[in-house]
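Take a look at the structure below.
Residue numbering restarts at 1 for every chain, and letters A, B, ... go by the order of the sequence lines. This is a predicted model, so every value here is computed, not measured. These numbers come from the heavy atoms of this one structure, side chains and all, not from hydrogens, waters or symmetry mates.
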Amino acid sequence: MANNEEAFKKIISHAKEYGFVFPSSEIYDGISAVYDYGQQGVELKNNIRQYWWKSMVQFHENIVGLDSAIFMHPTIWKASGHVDAFNDPLIDNKDSKKRYRADVLVEDYMAKVQDKIDKEVEKAAKRFGETFDREQYVTTNPRIMEYQARIDSAGQRLYKAMTDNDLAGFKQLIVDLEIVCPISGTRNWTDVRQFNLMFSTQMGSLSEDTNVIYLRPETAQGIFVNYINVQKTGRMKIPFGIAQTGKAFRNEIVARQFIFRMREFEQMEMQYFVRPGEELKWFEYWKAERMKWHLSLGMPASKYKFHNHEKLAHYANAAVDIEFEFPFGFKELEGIHSRTDFDLNAHQQFSGKKLQYFDPELNESYVPFVVETSIGLDRTFLAILSHAYTEEKLADGSDRVVLRLPPVLAPIKAAVLPLVAKDGLPEKARDIMDLLKIDYMCQYEEKDSIGRRYRRQDAIGTPYCITIDHQTLEDNTVTIRERDTMKQERISTDKIPAIIPERIRTDK
RNA sequence: GCGGAAGUAGCUCAGUUGGUAGAGCAUCAGCUUCCCAAGCUGAGGGUCGUGGGUUCGAAUCCCAUUUUCCGCUCCA
């Protein structure tokens with residue numbers, strides 16, 4: 001683990017040193033858990049996004065794209081459940097200085113009392129043997145009935161406090177239940193405060209107080225509220241999908257681990273609209289499809305695993321994560337959720353607009369069910385970067401750091417390098433550079449020895465280096481050097497524009 | 001948010017009992033012209049994370065604050 005920690009630190013330094021990722025606002029001391037993508041990072045990130053987009057939108061005739069706004073009608077977040085679910089009531093114990101979710105404390109209390117009931121029942125069961133009637137015992141034993149009453153009362157008050165957003169009532173509940181801090185054992189609590197995971201701001205006139213607007217905590221809702229627009233104008237037939245990439249914002253209590261958990265992050269989501277009853281079939285389909293996509297990036301299957309959700313969110317009837325082995329362990333990279341008709345139903349109800357689909361094959365109307373694939377772009381970036389980062393000891397005893405990025409994702413596809421900066425080689429190299437840069441990202445470099453320039457390109461993951469030497473002037477050939485093998489071959493200059501895209505397609 | 005550790009040049013770090021900020025690499029200019037980093041000459045770059053305090057004097061001691069990392073917690 002210590003080794004991985006070291007490795008992770010090296011990756012973070014490398015990311016900064018070579019212009020992939022910078023801490024945001026760094027000259028002002030930075031801002032916690034916000035990062036900027038530098039000159040290489042933005043290329044890599046764009047390429048990942050494009051690779052995803054192509055595989056989802058371009059390669060699937062029944063999936064179309066969308067780019068919805070970050071600002072949305074505030075009621076959307078009521079309908080989606082985010083206003084309620086993203087509001088955690090928090091309370092601190094003044095002695096242990098520990099912070100808890102108030103609802104979790106109450107739930108723990110209820111579980112503890114339930115535990116007492118279970119133990120009582122167990123004891124009684126042993127005592128009475130086979131004649132024991134559990135049902136009857138539970139409903140007649142006064143001590144158990146008293147326990148049960150405590151649970152019921154606590155549950156009701158918890159529910160009321162949650163739905164009414166009654167923070168004072170919450171505090172009173174914790175006081176009345178005599179809940180103690182598991183660490184300090186005291187009842188010295190602060191007031192209950194709300195911690196909203198959604199960022200908010202105001203739109204329009206500040207004099208009205210009803211214009212609070214949220215920065216979207218997920219991109220999915222933008223798709224749901226446009227579902228009927230896309231379906232009608234695109235004449236989409238179920239099953240069909242809508243894909244979108246974009247920023248989302250969550251005011252996480254703790255945001256850490258470099259770009260793994262940021263407060264501002266980018267999602268790549270696809271919502272697939274299916275017939276009710278067929279959602280689990282499609283869930284399995286997308287689970288397999290998405291894993292294929294990850295493996296197509298050339299990373300070993302052992303780096304990935306599925307993690308089934310046992311506790312499902314309020315909207316889901318099946319959910320699985322694709323986890324990736326980051327330097328800090330297996331962590332969620334992508335979620336595949338069967339969201340049922342929860343979202344569309346909620347929007348239908350809150351908006352009063354019909355969101356039904358008429359299925360000509362079944363000759364009936366229904367609200368479609370939704371299977372979602374939702375992947376973190378920044379996390380994918382981190383997964384790819386951390387896996388690509390390699391330190392090598394070469395045969396001659398020297399070291400090199402190379403980013404073994406999939407060529408299709410590399411920020412720079414080719415570097416154009418005159419062997420020496422004289423004898424007309426730079427001029428020739430410029431000609432080649434001008435030709436190639438029309439088709440893909442290239443970098444021209446003539447400073448320093450050729451070996452050093454190769455190493456610099458290795459460090460940013462450039463898959464090919466094209467070197468112009470004296471022979472080029474004679475027979476119009478160049479050498480093309482491959483990043484991973486460091487092998488070179490000589491090819492004719494007019495073959496370069498075609499050969500690199502061709503190799504990028506096949507080299508994974 | 002709590003606890004621990006750290007913050008000195010772009011990077012990695014040194015800086016003695018408090019006494020005028022250093023190295024290597026990198027960068028830039030010039031020389032060299034060589035197919036896998038580290039040839040030569042020169043130059044630029046730091047109010048030592050920030051703000052206070054103690055002191056004749058603070059990178060060094062004290063307090064606060066901020067950022068990062070680790071653990072706990074959280075992650076619909």
Side-chain angles (χ1 to χ4, degrees), chain A residues 1-2 4-6 8-10 12-14 16-19 22-35 77 80-88 90-101 103-104 182-184 190 193 195 197-198 217-218 220 250-258 260-261 263 309 311-316 319 321 328 331-332 335 337 339 342 392 394-402 417-423 425 446-459 465 467-471 478-481 483 485-488 490:
Chain A
M1 202 61 197
N4 283 345
E5 237 170 65
E6 283 312 302
F8 188 42
K9 280 185 180 158
K10 280 187 178 169
I12 295 170
S13 313
H14 191 86
K16 190 191 162 193
E17 197 171 344
Y18 288 90
F22 305 126
S24 164
S25 320
E26 201 184 6
I27 61 168
Y28 286 98
D29 247 359
I31 175 163
S32 183
V34 187
Y35 290 89
W77 305 113
S80 70
H82 284 85
V83 170
D84 298 325
F86 262 35
N87 265 314
D88 293 332
L90 299 176
I91 188 165
D92 292 313
N93 182 272
K94 289 178 189 167
D95 298 312
S96 67
K97 311 259 190 227
K98 282 275 171 193
R99 170 169 289 183
Y100 301 92
R101 271 177 57 176
D103 55 324
V104 172
I183 306 290
S184 65
T190 63
R193 284 163 301 154
F195 193 93
L197 282 154
M198 283 195 289
E218 64 172 27
R250 291 181 197 179
N251 194 10
E252 303 278 0
I253 301 172
V254 175
R256 267 208 294 235
Q257 271 154 337
F258 194 40
F260 182 80
R261 177 165 289 114
R263 296 207 164 93
H309 287 213
K311 205 175 78 187
L312 293 169
H314 57 275
Y315 53 72
D321 290 340
F328 41 87
K331 296 278 180 184
E332 179 186 355
H337 301 144
R339 295 183 75 129
F342 175 88
E392 288 186 338
L394 298 177
D396 65 1
S398 63
D399 298 311
R400 80 162 179 159
V401 172
V402 52
L417 315 168
L419 183 63
V420 292
K422 63 170 191 182
D423 303 336
L425 298 187
E446 59 177 46
K447 172 107 178 118
D448 292 316
S449 76
I450 190 69
R452 186 191 285 272
R453 281 177 280 164
Y454 286 151
R455 297 298 165 89
R456 266 206 294 267
Q457 294 300 328
D458 290 340
C465 289
T467 306
I468 288 80
D469 56 19
H470 293 95
Q471 197 182 327
V478 295
T479 61
I480 178 164
R481 171 205 185 255
R483 177 194 68 201
T485 60
M486 299 169 73
K487 291 248 168 65
Q488 279 177 277
R490 187 163 280 279

- Would you please name every residue forming a salt bridge (Lys or Arg N to Asp or Glu O under 4.0 Å) with A/Arg481, sequence neighbours left out? A/Asp458
- Side-chain contact test, heavy atoms from C-beta onward, threshold under 4.5 Å: evaluate it for A/Val420 versus A/Glu446 and give yes or no. no
- Is the shortest heavy-atom distance from the side chain of A/Asp469 to the side chain of A/Arg490 under 4.5 Å? yes
As a test of reading the structure: which of [options] is closest to the side chain of [X], going by heavy atoms?
X: A/Ser449; options: B/rC70, B/rA37, B/rC36; result: B/rA37
X: A/Arg481; options: B/rA38, B/rC35, B/rC36; result: B/rC36
X: A/Lys422; options: B/rC36, B/rC35, B/rU33; result: B/rU33
X: A/Lys16; options: B/rC35, B/rG10, B/rC69; result: B/rG10
X: A/Tyr35; options: B/rC35, B/rU33, B/rC69; result: B/rC69
X: A/Arg250; options: B/rA37, B/rA76, B/rC35; result: B/rA76

Taking a pair as Watson-Crick or G-U wobble with both distances under 3.5 Å, which nucleotide is matched to [N]?
N: B/rC40; answer: B/rG30
N: B/rA14; answer: none
N: B/rU54; answer: none
N: B/rA6; answer: B/rU67

What is the separation between atom [atom1] on [X] and atom [atom2] on [N], rounded to the nearest whole Å?
X: A/Glu446; N: B/rU32; atom1: CD; atom2: P; value: 15 Å
X: A/Leu419; N: B/rU32; atom1: CG; atom2: P; value: 16 Å
X: A/Phe328; N: B/rU68; atom1: CZ; atom2: P; value: 15 Å
X: A/Phe8; N: B/rG71; atom1: CZ; atom2: P; value: 11 Å
X: A/Phe258; N: B/rC70; atom1: CZ; atom2: C1'; value: 17 Å
X: A/Arg400; N: B/rA38; atom1: CZ; atom2: C1'; value: 17 Å

Under 4.0 Å, counting only non-hydrogen atoms across every strand here, what does [X] touch: a base, just sugar-phosphate, or nothing?
X: A/Ile450; value: sugar-phosphate
X: A/Asp458; value: nothing
X: A/Ala220; value: nothing

When you compare [N] with [M], how far apart are their [atom1] atoms, in angstrom units rounded to a whole number?
N: B/rC70; M: B/rA59; atom1: P; result: 31 Å
N: B/rA58; M: B/rU50; atom1: C1'; result: 16 Å
N: B/rG24; M: B/rC36; atom1: P; result: 27 Å
N: B/rG15; M: B/rA23; atom1: C1'; result: 11 Å
N: B/rG53; M: B/rC72; atom1: P; result: 40 Å
N: B/rU8; M: B/rC13; atom1: P; result: 9 Å
N: B/rC62; M: B/rC25; atom1: P; result: 35 Å
N: B/rG3; M: B/rA76; atom1: C1'; result: 28 Å

- Message: Taking A/Asp321 first and then A/Lys331, would you say they form a salt bridge - that is, a charged N and a carboxylate O separated by under 4.0 Å?
- Response: no
- Message: If the threshold is 4.0 Å, N to carboxylate O, is there a salt bridge linking A/Arg339 and A/Glu218?
- Response: yes
- Item | Whichever of A/Glu17 and A/Glu218 has its nearest RNA chain B nucleotide further upstream toward 5' | A/Glu17
- RNA chain B: A/Phe260 or A/Ser13, which has the more 5' nearest nucleotide? A/Ser13
- Item | Under 4.0 Å protein heavy-atom contact, by nucleotide of nucleotides 23-30 of chain B - B base, S sugar-phosphate only | ---SSS--
- Check: A/Phe22 ring centroid to A/Tyr35 ring centroid under 6.0 Å: no
- Item | Heavy-atom donor-acceptor pair, A/Arg250 side chain to A/Met198 backbone, under 3.5 Å | no
- Message: Using only atom types and a distance under 3.5 Å, with no angle test, would you say the side chain of A/Arg400 pairs donor to acceptor with the backbone of A/Ala459?
- Response: no
- Query: Yes or no on side-chain contact (heavy atoms from CB on, under 4.5 Å) for A/Gln488 and A/Ile480, after CA distance, side-chain angles and deciding distance?
  - Reply: CA-CA 5 Å; A/Gln488 279 177 277; A/Ile480 178 164; over 6 Å; no
Contacts under 3.5 Å, N or O only, protein and nucleotides 43-50 of chain B:
from   : atom 1 : to      : atom 2 : distance (Å)
B/rG49 : N2     : A/Asp29 : OD2    : 3.4

- Message: Could you measure the distance from the OG atom of A/Ser24 to the CZ atom of A/Arg263? Nearest 0.5 Å is fine.
- Response: 12.0 Å
